[in-house]
Amino acid sequence: MRSSEASVGKEIEKGFSSQPTGFLLGKFGLLILLAGLVLAAWYSQTVIVVLLGLALSAAGLSRLWSRYSLVGVRCERLLSEQRVFPGEHLELRLRLINRKLLPLPWIQMDDEIPLKMSSDIKLQANDRPGFGFLSKSAALLWYTKASWKERLCCHRRGYYQLGPITLTSGDIFGFYPRSITEPLIDHVIVYPKIFPITHLGMPSLYPIGETTAERRIFEDPIRVIGVRDYTPHDSRRHVHWKATARRQELQVKVFEPTTTLKVAIFLAVDSFEPRHDGDVDSEGDFELGISTAASIASYLTERRSAVGLFANSCLADSGQPATLLPASGTGHLVEVLEALAKVTSSASSPFEEFLQAERTTLPWGTTLVFILCRPSELLMELLVGLKESGHKLLVLQVGDTDEGGPPGTIAWHRIRQPGELTMGGTEETG
């Protein structure tokens with residue numbers, strides 16, 4: 001919830017804008033009317049004196065009313081949620097409270113809303129590109145309030161700003177409208193879509209850890225899944241003494257084979273930039289690439305693996321690239337999803353330079369997952385070099401493009417649509 005209340009002192013002198021509706025209501029016009037009143041009184045023109053006196057009195061009362069119209073006015077914005085997934089709704093409540101004796105014959109509230117997250121409601125035109133005004137108006141007596149409720153459907157991933165709010169009111173005649181902009185800012189995070197993944201091969205160099213291995217190569221001495229008869233090759237440290245006592249012959253523990261995955265997801269933002277006139281669906285490919293990163297992060301987190309995110313993007317809130325070192329747990333997954341929600345199509349630096357700088361911060365044995373669209377020749381050379389130096393790589397090429405290809409023995413998957421991501425992609429190992 002965000003709220004604001006105008007105080008009597010400072011806000012009367014600062015932050016307000018007022019513009020009379022006509023020429024005669026301005027200072028120069030009022031001086032003319034005052035001069036006419038003096039002349040009419042001098043020549044004893046009673047009717048003109050009365051008319052000009054009424055006009056000047058109405059103007060003075062209107063200016064005084066307008067001066068104090070927004071003093072003691074409080075506005076609030078309440079959101080039911082600030083983090084949602086695409087397709088979910090959030091409830092937006094706007095509230096105005098008049099906390100003074102002076103009534104408000106009219107008042108208008110204009111809340112600035114992004115157009116991308118407000119397709120279900122009607123917005124007024126705004127000078128700021130990509131934004132519109134959600135306008136509400138009311139008449140408020142003394143110590144009364146008005147409230148409105150809207151339902152916003154968040155269709156697209158992103159990091160959205162709501163606000164500021166502009167309040168406009170004035171005198172009963174509308175001669176002197178007065179406005180103030182309240183810096184009430186809220187942010188809504190719309191996470192990327194997450195698609196289920198049934199299988200995705202993740203190579204690892206760690207012999208012991210949290211994820212159950214598909215082949216029995218290494219055994220975790222912490223997890224016991226059964227017992228068997230002793231053989232001369234078994235260590236006596238693995239003898240199960242209770243089972244040995246029951247069966248009257250040596251029994252040894254059987255351990256669960258496991259492998260630890262530390263995965264760093266690299267999103268090459270600049271590889272999604274269209275390079276030909278025919279690349280018309282670059283935005284769709286970019287969103288699919290972000291959803292691919294989110295789906296893999298969710299898939300690995302469910303299997304208690306450590307996952308990190310690196311994207312050479314100017315994030316919507318900070319303008320810096322996304323650099324999250326591998327970690328596990330639901331809390332870390334939320335950080336990854338929030339970072340992906342803030343990813344923009346603007347690259348902070350060439351991906352090749354970004355990769356060279358960030359891979360040195362990763363622990364040994366981290367599996368590198370690359371999500372890209374149109375890899376450059378330099379990036380292809382870097383991938384081959386990483387593979388030859390012993391790194392475990394998995395490349396996911398997003399979009400319906402023939403650029404690039406699986407060099408060497410790199411595990412290479414093509415993701416042209418979300419359905420292929422669900423099945424683990426089309427493998428094209430070179």
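The first residue in the sequence is number 1, and the count goes up from there. All values reported here derive from a predicted model rather than from experimental measurement.
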Flag if over 12 foreign heavy atoms under 6.0 Å of NZ, Lys100: yes
Can you give me the closest heavy-atom contact between Asp111 and Leu162, atom names plus distance? OD1-C, 4.5 Å
Where the side chain of Ser291 meets the backbone of Glu287, is there a donor-acceptor pair that is under 3.5 Å apart? yes
Is the ring pair Phe175/Phe173 parallel, tilted or perpendicular, if the boundaries are 30 and 60 degrees? parallel
Supply the atom-to-atom distance Ile185 CD1 to Gln161 CD, rounded to the nearest 0.5 angstrom. 4.0 Å
To the closest 0.5 Å, what do you measure between CH2 (Trp241) and CG (Leu250)? 6.0 Å
Could you tell me which non-hydrogen atom of Ile296 sits nearest to which non-hydrogen atom of Val369, and how far apart they are? CD1-CG1, 4.1 Å
When the ring planes of Phe266 and Phe310 are compared, do they come out parallel, tilted or perpendicular, using 30° and 60° as the limits? parallel
Are Thr367 and Leu393 close enough that some pair of their side-chain heavy atoms sits under 4.5 Å apart? no
Is there a side-chain contact between Arg128 and Glu112, using heavy atoms and a 4.5 Å cut-off? yes
Thr144 (side chain) donor-acceptor with Leu141 (main chain) under 3.5 angstrom: yes
Hey, does the side chain of Asn312 reach the backbone of Phe354 with a donor-acceptor pair shorter than 3.5 angstrom? no
If you measure from SG on Cys373 to CG on Asp270, what distance do you get to the nearest 0.5 Å? 11.0 Å
Donor-acceptor under 3.5 Å (Ser389 side chain, Leu386 main chain): yes
Can you give me the closest heavy-atom contact between Arg416 and Gly399, atom names plus distance? CG-O, 3.9 Å
Basic-acidic side-chain contact under 4.0 Å: Arg77, Asp186: yes
Between Asp229 and Gln251, do the side chains contain a donor N or O and an acceptor N or O under 3.5 Å apart? yes
What pair of heavy atoms forms the shortest contact from Val343 to Arg157, and how long is it? O-NH1, 3.0 Å
Within-4.5 Å side-chain heavy-atom neighbours: His332 and Leu324: yes
Is any side-chain heavy atom of Leu90 less than 4.5 Å from a side-chain heavy atom of Val188? yes
Backbone of Leu79 reached by a side-chain donor or acceptor of Gln82 within 3.5 Å: no
So do the side chains of Leu382 and Gln356 get within less than 4.5 Å of each other, counting heavy atoms only? yes
Side chains of Val398 and Leu372, heavy atoms from C-beta outward: is any pair under 4.5 Å? no
Where Ala293 and Ile265 come nearest, the two heavy atoms and their spacing: O-CD1, 3.7 Å
Thr292 side-chain N/O to Leu288 backbone N/O, donor-acceptor pair under 3.5 Å: yes
Chi angles and distances behind the side chain to side chain contact (heavy atoms under 4.5 Å, CB included) call for Ile165, Asp110: CA-CA 6 Å; Ile165 292 178; Asp110 295 316; over 6 Å; no
Are the ring centres of Tyr159 and His187 closer than 6.0 Å? yes
Is it true that a side-chain atom of Trp65 and a backbone atom of Pro103 form a donor plus acceptor pair closer than 3.5 Å? yes
With distance as the sole test, does Thr301 use its side chain to make a donor-acceptor pair with the main-chain N or O of Ala297 at under 3.5 Å? yes
Do Tyr191 and Val84 pass the side chain to side chain contact (heavy atoms under 4.5 Å, CB included) test, and can you show the C-alpha distance, the side-chain angles, and the key distance before you say yes or no? CA-CA 6 Å; Tyr191 295 128; Val84 294; over 6 Å; no
Could you tell me the separation between the OG atom of Ser328 and the CD atom of Glu302, rounded to the nearest 0.5 Å? 13.5 Å
In Å and rounded to the nearest 0.5 Å, what is the NZ to OG1 distance from Lys262 to Thr366? 7.0 Å
Tell me the closest heavy-atom pair linking Ile194 and Ala294, and the distance in Å. CG1-CB, 4.1 Å
Ser137, Ser69, Ser179, Ser135 screened by side-chain hydrogen bond (donor to acceptor under 3.5 Å, both in side chains) with Thr168, the one that passes: Ser179
Using the side chain to side chain contact (heavy atoms under 4.5 Å, CB included) rule, take Tyr160 and Val190 through it: C-alpha gap first, then chi angles, then the decisive distance, then the call. CA-CA 8 Å; Tyr160 299 103; Val190 182; 3.6 Å; yes
Heavy atoms from other residues, nucleotides or ligands near CD of Glu249 exceed 12 (cutoff 6.0 Å): yes
Using a strict 4.0 Å threshold on nitrogen-to-oxygen distance, state whether Arg83 and Glu88 make a salt bridge. no
Ile290 side, atom CD1; Lys342 side, atom NZ - distance, nearest 0.5 Å: 13.5 Å
Please determine whether a side-chain nitrogen of the Lys or Arg among Arg93 and Glu91 lies less than 4.0 Å from a carboxylate oxygen of the Asp or Glu. yes
Would Asp285 and Arg374 count as a side chain to side chain contact (heavy atoms under 4.5 Å, CB included) here? Give the steps. CA-CA 11 Å; Asp285 293 342; Arg374 303 173 186 89; 4.1 Å; yes
Is there a side-chain contact between Trp106 and Leu104, using heavy atoms and a 4.5 Å cut-off? no
Less than 3.5 Å apart, any donor N or O on the side chain of Glu352 or Ser376 sitting next to an acceptor on the other? yes
Any side-chain heavy atom of Pro164 within less than 4.5 Å of one from Glu182? no
Salt bridge (Lys or Arg N to Asp or Glu O under 4.0 Å) between Glu283 and Arg156: does it pass, once the steps are laid out? CA-CA 12 Å; Glu283 184 177 357; Arg156 302 181 62 179; 2.3 Å; yes
Crowding at CZ, Arg228 (>12 non-hydrogen neighbours, <6.0 Å): yes
Spell out, as yes or no, whether a donor-acceptor pair under 3.5 Å connects the side chain of Ser348 to the backbone of Cys314. no
